[in-house]
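Here's the structure we're looking at; comments come further down.
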2 protein chains.
Amino acid sequence: MANRLHDVVDGALRVLDTHGLEFLSMRRVAAELEVQPSALYHHVPNKQTLLALMADEILARGRRDEPTGPWDKRVAALCDEFRTAMLAVRDGAEVVATASAFGLGAAAPEQRLSAALAGFDEDVAVSGARTIMLFVLGHASARQMHEQASATGAIEPDDSIGSAESFDLGLGLILSGLRTLAPIGA
Amino acid sequence: MANRLHDVVDGALRVLDTHGLEFLSMRRVAAELEVQPSALYHHVPNKQTLLALMADEILARGRRDEPTGPWDKRVAALCDEFRTAMLAVRDGAEVVATASAFGLGAAAPEQRLSAALAGFDEDVAVSGARTIMLFVLGHASARQMHEQASATGAIEPDDSIGSAESFDLGLGLILSGLRTLAPIGA
DNA sequence: ACCTGAACACCGTTCAAGT
DNA sequence: ACCTGAACACCGTTCAAGT
């Protein structure tokens, strides 16, 4: 079949999108690629690494041009980019969140956020970026986990849980907090 | 052995604390209780439910008296309670985060937070509580995941990642945002 | 009420061997 | 370089049967 790393990541994302993270196994990915499970280990050392590569790909697929304008608009635009990218694939936020704990996946987004906060004190830019990233990640994963739980009938659906409105409200709160510390003329 | 539900949850928390979430299996919990795996299903319908009960217990063990004083001090005290409770057991934050997606575990904490924000508009109190809870949960899980990843040598340690300082900075940002919307005299 | 013992349908990963 | 086939040491869950 002559698969390459890119094909493996692609196949894994197809399995993720159709079956969900719960059923994403190396054996299913192998079946998707019409290959034996052991063949995957030629491309990837373990499942964890595959998940990290999937996280990067999820974010890369939603990548947009770097936003311009005032810092708060830029931050909001970046958050929308990340959120849209993660929501575009089933359980995408959970995959990115898991990978980000290992310093992968969400590291680049967090750096883009702190670059958008370059006018602030270094400490504020760093913890501001981290706070925003935790919010975006947590909000999107809570939405997708709730979607999955309510789809299987384990819970009664609640449309407010990961809504765009609640996202804007929460992000607005953090941005207001940042404005409080904004350097003059930013 | 005549175990009761409480013994099962207790045993599961012992396994969690000594082996971590990655190695928390029904079979290990059974071994901890010196019982066959199938015996657990007399007390609990499945692993997911057990995890939810563990999340509740983790938070219950750290429970403190309801704080008094100005709203921002109360919110900070609650956040410290939740953070301390989750950090007290290995991978505790991850367990609570997972369970909270199913409307369990973190629901009660979020309600206590929104009660502390009772002076605000309903919408603000609700999304403020949610934003804070996502931050506390995300911050604590990122710390514990990083601890685990760096303990196994998968990553170079970074003490700043879940530090109390970065926690205070991030929470301070959200509280500043809320102050911006504070009703007069709150 | 609480538990055993055996089974079913899965996992991730390794490794010798093939082309 | 990429893959097969077989194996190892595990999973969660079910179910008849025991006390």
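Just so it is clear: chains get the letters A, B, ... in the order the sequence lines come, proteins before strands, and each one is counted from 1.
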Between [N] ([atom2]) and [X] ([atom1]): distance, integer Å:
X: Phe23(A); N: dC10(C); atom1: CZ; atom2: P; answer: 11 Å
X: Leu40(B); N: dC2(C); atom1: CG; atom2: P; answer: 13 Å
X: Leu33(A); N: dA1(D); atom1: CG; atom2: P; answer: 20 Å
X: His42(B); N: dT14(D); atom1: NE2; atom2: C1'; answer: 15 Å
X: Tyr41(B); N: dC11(D); atom1: OH; atom2: P; answer: 12 Å
X: Leu5(B); N: dC2(C); atom1: CG; atom2: P; answer: 10 Å
X: Gln48(B); N: dC11(D); atom1: CD; atom2: C1'; answer: 16 Å

Between [X] (side chain only) and [Y] (backbone N and O only), is there a donor and an acceptor less than 3.5 Å apart?
X: His43(A); Y: Asn3(A); answer: yes
X: Arg130(A); Y: Gly170(B); answer: no
X: Gln144(A); Y: Ala93(A); answer: yes
X: Ser166(B); Y: Gly162(B); answer: no
X: Lys47(A); Y: Leu24(A); answer: yes
X: Arg90(A); Y: Thr18(A); answer: yes

Between [options], spot the one nearest the side chain of [X], thanks.
X: Ser25(B); options: dG12(D), dC2(D), dC3(C); result: dG12(D)
X: Lys47(A); options: dG12(C), dT4(C), dC2(C); result: dG12(C)
X: Met26(A); options: dT4(D), dC11(D), dG12(C); result: dG12(C)
X: Arg28(B); options: dT13(D), dC11(D), dC2(C); result: dC11(D)
X: His43(A); options: dC3(D), dT13(D), dT14(C); result: dC3(D)

Below the 4.0 Å mark, does dG12(D) have OP1 or OP2 next to a side-chain nitrogen or oxygen of Asn46(B)?
no
Is there side-chain contact between Arg64(A) and Asp80(A), with heavy atoms separated by less than 4.5 Å?
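Result yes, sub-4.5 Å side-chain heavy-atom pair found.
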Does the side chain of Leu181(A) reach to within under 4.5 Å of the side chain of Asp121(A), using non-hydrogen atoms?
no
Tyr41(B), Leu51(B): one ILVMFWY side-chain cluster at the under-4.5 Å cut-off?
yes
Tell me which nucleotide, if any, is Watson-Crick or G-U wobble paired with [N] when both distances must be under 3.5 Å.
N: dA9(C); answer: none
N: dA17(C); answer: none
N: dC3(D); answer: none

If you measure from the C1' atom in dC11(C) to the same atom in dA7(D), how many Å do you get, rounded?
14 Å
Extract from the structure each pairing of a protein N or O with an N or O of nucleotides 5-9 of chain D at less than 3.5 Å, listing the distance.
residue : atom : partner  : partner atom : Å
dG5(D)  : O6   : Ser38(A) : OG           : 2.6

Charged N-O contact under 4.0 Å between Arg14(A) and Asp7(A)
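Looking at Arg14(A) and Asp7(A), the cut-off is not met.
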Polar-atom pairs under 3.5 Å, protein N or O versus N or O of nucleotides 17-19 of chain C: list them with distances, or write none.
none

